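Take a look at the structure set out below.
All values reported here derive from a predicted model rather than from experimental measurement.
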Number of protein chains: 2
Amino acid sequence: MTEARKPGFSDCNNATLRRAARSLGRFYDDALGPTGLKSTQFGMLFQIHISDEPAMGTIAEALIMDLSALGHTLKPLIRDGYVETFPDKDDRRVKRVRLTPQGQAKLDEALKLWSVAQRQFENKVGAEQAAKLRAALDAVADLDLEMPAAAPSN
Amino acid sequence: MTEARKPGFSDCNNATLRRAARSLGRFYDDALGPTGLKSTQFGMLFQIHISDEPAMGTIAEALIMDLSALGHTLKPLIRDGYVETFPDKDDRRVKRVRLTPQGQAKLDEALKLWSVAQRQFENKVGAEQAAKLRAALDAVADLDLEMPAAAPSN
DNA sequence: CCCTGAAAGTGGCATATGCCACTAATGGAA
DNA sequence: TTCCATTAGTGGCATATGCCACTTTCAGGG
């Protein structure tokens, strides 16, 4: 610890997490490059794929993302014909989402490249270690964090 | 495992990481809300703070972020008067960065709220566990990942 | 000293995400 | 049935990030 410690380092859990996300994101993005999909888009297609014509709100909840953000994120995928939406039969407020045949095909294509990247990653850190990390991250993501209501003087 | 497993799930390390990042990011963002800073901006000010008038490239490297992305990210902070840049004495290509007095003040202000959030988080997961997670994330971020050069037939 | 390739940033363009203000539908309560 | 609080999305605006094409400087080699 001669100087200011090497890399990023604040002990901030959030900063550390984002830093890792940028790093890993670049790797998966590179891997998926040939498909023209970003790793985020791949993740979105996959999520839709494993769900049963989910409502937007359902996806947003599963991915812990803002509903409006989801809407924005979906646009390029809809524009490119990978995803389509349709109204729910019973509740006209609800918009459901599904992959188009092209979307399914693109996902299949991407899965091949993804699995290579995934394997590459697990070879480096160890499959078990990776699984533990994912479990820890899921646990963190699902934490019910709340600020102390910032009420020291009220 | 009745249905499609609960939350986000693909076993994708990247997707899991991003999901956690969105979740945790929201928490820290809320915590820093009163300061008007996003958690990302807080992290940036902190990084600049612990460095010694770093060159842009140095910051980008430490945070594992694209140099141009760094430039974009810095703009709001410069516009708001928290950060300023100045040319390196010896190399005119290099632009160095530092906090302004207001930036330092804002950072001090933010640190108080940040520490509350940080403590809150560590109370939930345990300080030791949190440290381990950060270490794991730093390790992942610093991995030298490379795709198999996609050369099956060349 | 001139030319060339590397290094450091900038700008433009595109996606990722969030928050807020609104609008459209719903599901009761009165 | 009418009216209101709630729920689901949309659009606008702003920040976060990346990649690519340039432009400006440097550092060397000849």
### Task
Locate the shortest heavy-atom distance separating Thr73(A) from Met44(A); write the atom from each residue and the value.
CG2-CE, 3.7 Å
### Atom-pair distance (CD1 on Ile78(B); C1' on dG9(C)), nearest Å
12 Å
### Message
Expressed as a whole number of angstroms, how long is the span from Asp88(B):CG to dT24(D):C1'?
### Response
15 Å
#### Entry: Arg92(B) side-chain N/O to dC26(D) phosphate OP1/OP2 under 4.0 Å
yes
### Task
Answer yes when Glu53(A) and Lys89(A) have at least one side-chain N-carboxylate O distance shorter than 4.0 Å, and no when they do not.
no
### Query
With distance as the sole test, does Thr100(B) use its side chain to make a donor-acceptor pair with the main-chain N or O of Gly81(B) at under 3.5 Å?
yes
### Message
Is it the case that over 12 heavy atoms from other parts of the model lie below 6.0 angstrom from the CD atom of Glu109(B)?
### Response
yes
#### Entry: Candidate nucleotides dA6(C), dG9(D), dG9(C), ranked by approach to the side chain of Ala55(A) - the nearest
dG9(D)
### Message
Taking Arg19(A) first and then Asp142(B), would you say they form a salt bridge - that is, a charged N and a carboxylate O separated by under 4.0 Å?
### Response
yes
### Query
What is the distance from CG of Asp90(B) to C1' of dT25(D), rounded to the nearest Å?
13 Å
### Heavy-atom protein contacts under 4.0 Å, nucleotides 12-18 of chain C, coded B base, S sugar-phosphate only, - none
BB-SSBB
### Message
Among Leu37(B), Ile48(B), Leu45(B), exactly one meets side-chain contact (heavy atoms from CB on, under 4.5 Å) together with Leu107(B). Which residue is that?
### Response
Leu45(B)
### Query
Whole Å only: how far is the CD1 atom of Ile59(A) from the P atom of dG9(D)?
9 Å
### Query
Do the charged groups of Arg22(B) and Asp66(A) touch, with an N to O distance under 4.0 Å?
no
#### Entry: Side-chain heavy atoms of Asn14(A) within contact of Trp114(B), under 4.5 Å
no
### Task
Please work out which residues in residues 99-115 of chain B have a non-hydrogen atom less than 4.0 Å from an atom of DNA chain D and list them by number.
none
### 5'-most by nearest nucleotide on DNA chain D - Arg93(A) or Asp91(B)
Arg93(A)
